[in-house]
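The structure appears right after this line, and notes come after that.
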Amino acid sequence: MSQMQRIKEELDQKAQSAYTKKATFGDDIDLESYHKTPGEAEYPKSLADLTPSQAEIVLSAGVDVKEKERWGTFLQMDHSVIHARSKKEGLEVMSTSEALKKYDWLWEYYWKAVAVDSDKYTAHAQLNPYHGYFIRALPGVKASFPIQACLFLKSGNLIQSVHNIIIAEEGSDLQIITGCATESFGSRGMHIGISEFFVKKNAKVTFTMVHNWHEDIVVRPRTGTIVEENGIFLSNYICLKRVKDIQMYPKAVLAGKNSLARYSSILYAHPGSRLDIGSRVNLQAENSRAEIIARAIAHNGTIIARGNLRGETAPIKAHLECRGLILGDKGNIYAIPELEGCCEGVDMSHEAAVGKIAKEEIEYLMARGLSAQEAQAAIVRGFLDVSIMGLPDVLKGQINKAIESCEKEAL
């Protein structure tokens, strides 16, 4: 038996043992109520073959089929890879399944940042593998434009399970924007996404994820990141569209000295939506730093905003911040910040605030000529300011368009 076969067999055994294991957080989802494979469906053969409607959907999730100001693109519909290409030397873009066949060494990374037996969702992804993307920046490569990836759910009542692996080799700088979207409006569906990030010494990854689902989609991402010495990991998450249920709690391990992780989230829960979302950082190395920032609006929906910072050595510095805004009579926000200081000399802090739009703010703007609806929209837009994310200019415009679309739909 080859080493690759041995590793896969061991992972399968662990996954089998966890196939009915409930997740620590979030509602338990009956995976058997969804199809594992799509029925008969026709898929585009390339980016150029996307319908105008499909192109518009993926664009709203930050993915441009014209690839303007992009160094590469990956597009997967259901279980089929439509497009995978890099436009820059030193950047690799392909499906994870292809990468595992090409590189034997990649098996040493597979399921290293996320445990395969974490819960029933990680187990399902291992036992029902359908691609996902592999993105790698070779040593010293600096990407001035982002690589874009889209995971598109086309068929109804389907579980789309993918496994993504991102590696920024020593001294590289990698930007990625991932858009998750669905075409089957009116049909239920589920997405399970495993993502593992490896940020090597002196490397930097800026990762922006935009979720563009619909009201009957259930989502269970499972994400882990390992950051080495002087590495930087910046994660931006935007969820502004209707979705039924999302539960995610990504974790970063700062394993190298002077490493940095920052999570920024902008969340909008529409009526009937449940967003259980958080971020965790384990600070294991001296002079490591972490920041978790969340902006959450519950418009007659429910948001559970979690955050966990664990300082395992000193000196380290970490801060957690959550600000929530409630719109409507049935909105709920639960802010759950946690700090774990494990030794003397850690510097850790948190703050949380939840409230509603003050009547005085509305009246102030109305006195300057805005209607009540326009005043509320202006306050919401200010609250969802993407400047907290430090996004590259090439991405700011698209995220602002997504916020404008959210305003029109909700307000």
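These figures come from a predicted structure and were not determined experimentally. Atom set for the values below is all heavy atoms of this structure, side chains included, hydrogens, waters and symmetry mates excluded.
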Looking at every non-hydrogen atom in both residues, tell me the closest pair between [X] and [Y] and how far apart they are.
X	Y	answer
Asp78	Lys154	OD1-N, 2.8 Å
Gly231	Val199	CA-CG1, 4.2 Å
Ile333	Ile326	CD1-CG1, 4.0 Å
Gly132	Asn164	CA-OD1, 3.3 Å
Leu158	His79	CD1-NE2, 3.9 Å
Gly156	Ser187	CA-CB, 3.7 Å

Roughly how far, to the nearest 0.5 Å, is the [atom2] atom of [Y] from the [atom1] atom of [X]?
X	Y	atom1	atom2	value
Leu174	Ile166	CG	CD1	8.5 Å
Tyr121	Lys22	OH	NZ	9.5 Å
Leu260	Leu234	CG	CG	6.0 Å
Gln16	Thr20	CD	OG1	10.5 Å
Leu151	Thr182	CG	OG1	12.0 Å
Leu138	Glu89	CG	CD	8.5 Å

Lys/Arg N to Asp/Glu carboxylate O, [X] vs [Y], below 4.0 Å:
X	Y	value
Asp64	Arg70	no
Glu169	Lys200	yes
Glu374	Arg368	no
Asp216	Lys244	yes
Arg220	Asp119	no
Asp347	Lys317	yes
Glu338	Arg280	no
Glu10	Lys8	no

Look at the aromatic rings of [X] and [Y] and report parallel, tilted or perpendicular, splitting at 30° and 60°.
X	Y	result
His163	Trp111	perpendicular
Phe233	Phe197	tilted
Trp213	His191	tilted
Tyr268	His270	tilted

Main-chain N/O of [Y] paired to [X] side chain as donor or acceptor, under 3.5 Å:
X	Y	result
Asn300	Asp329	yes
Ser235	Tyr263	no
Lys88	Ile147	no
Lys21	Asp117	yes

Any non-hydrogen side-chain atom of [X] less than 4.5 Å from a side-chain atom of [Y]?
X	Y	result
Ile82	Lys45	no
Ile292	Leu309	yes
Glu67	Lys87	yes
Asn282	Glu312	yes
Ile246	Asp276	no
Met77	Pro44	yes
Cys239	Met209	no
Arg310	Leu339	no

Verdict with supporting geometry, Lys257 and Glu229, salt bridge (Lys or Arg N to Asp or Glu O under 4.0 Å): CA-CA 5 Å; Lys257 293 182 179 180; Glu229 184 178 352; over 6 Å; no
Take Trp107 and Tyr103 through the ring-ring contact (aromatic ring centres under 6.0 Å, His included) test and state the conclusion after the steps. CA-CA 8 Å; Trp107 287 91; Tyr103 298 122; over 10 Å; no
Tell me, with the steps shown, if Glu9 and Lys14 meet salt bridge (Lys or Arg N to Asp or Glu O under 4.0 Å). CA-CA 9 Å; Glu9 185 175 294; Lys14 288 183 178 180; over 6 Å; no
Look at atom NZ of Lys142 and say whether more than 12 heavy atoms of other residues, nucleotides or ligands are closer to it than 6.0 Å.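 Counting neighbours around NZ of Lys142, more than 12 heavy atoms of other residues, nucleotides or ligands fall under 6.0 Å, so yes.
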Flag for [Y]-[X]: side-chain donor and acceptor within less than 3.5 Å:
X	Y	value
His83	Ser46	no
Thr178	Tyr133	yes
Arg306	Ser279	no

With side chain to side chain donor-acceptor pair (under 3.5 Å) as the test, would you mind laying out the steps for Ser259 and Arg289 before giving the verdict? CA-CA 6 Å; Ser259 53; Arg289 295 164 294 148; over 6 Å; no
Given side chain to side chain donor-acceptor pair (under 3.5 Å), test Thr73 with Gln148 step by step and report yes or no. CA-CA 5 Å; Thr73 299; Gln148 60 182 1; 2.9 Å; yes
Using side chain to side chain contact (heavy atoms under 4.5 Å, CB included), reason through Ile159 and Lys36 one step at a time and then give a plain yes or no. CA-CA 6 Å; Ile159 295 182; Lys36 293 181 181 178; 5.5 Å; no
Assess the residue pair Ser97 and Ser95 against the criterion (side chain to side chain donor-acceptor pair (under 3.5 Å)); give the C-alpha distance rounded to whole Å, side-chain angles, the decisive distance to 0.1 Å, and a yes or no. CA-CA 5 Å; Ser97 53; Ser95 71; 3.2 Å; yes
Using the side chain to side chain contact (heavy atoms under 4.5 Å, CB included) rule, take His35 and Met190 through it: C-alpha gap first, then chi angles, then the decisive distance, then the call. CA-CA 9 Å; His35 299 316; Met190 184 172 184; over 6 Å; no
Among Gln76, Met94, Glu98, whose side-chain contact (heavy atoms from CB on, under 4.5 Å) with Val81 holds?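 Single pass found, and it is Gln76.
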Might you work through the side chain to side chain donor-acceptor pair (under 3.5 Å) test for Arg222 and Gln247, ending with a clear yes or no? CA-CA 9 Å; Arg222 298 292 183 259; Gln247 188 277 312; 2.8 Å; yes
Check whether the ring centres of Tyr249 and Phe25 lie less than 6.0 Å apart, and answer yes or no.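 Close enough - the centres of the two rings lie under 6.0 Å apart.
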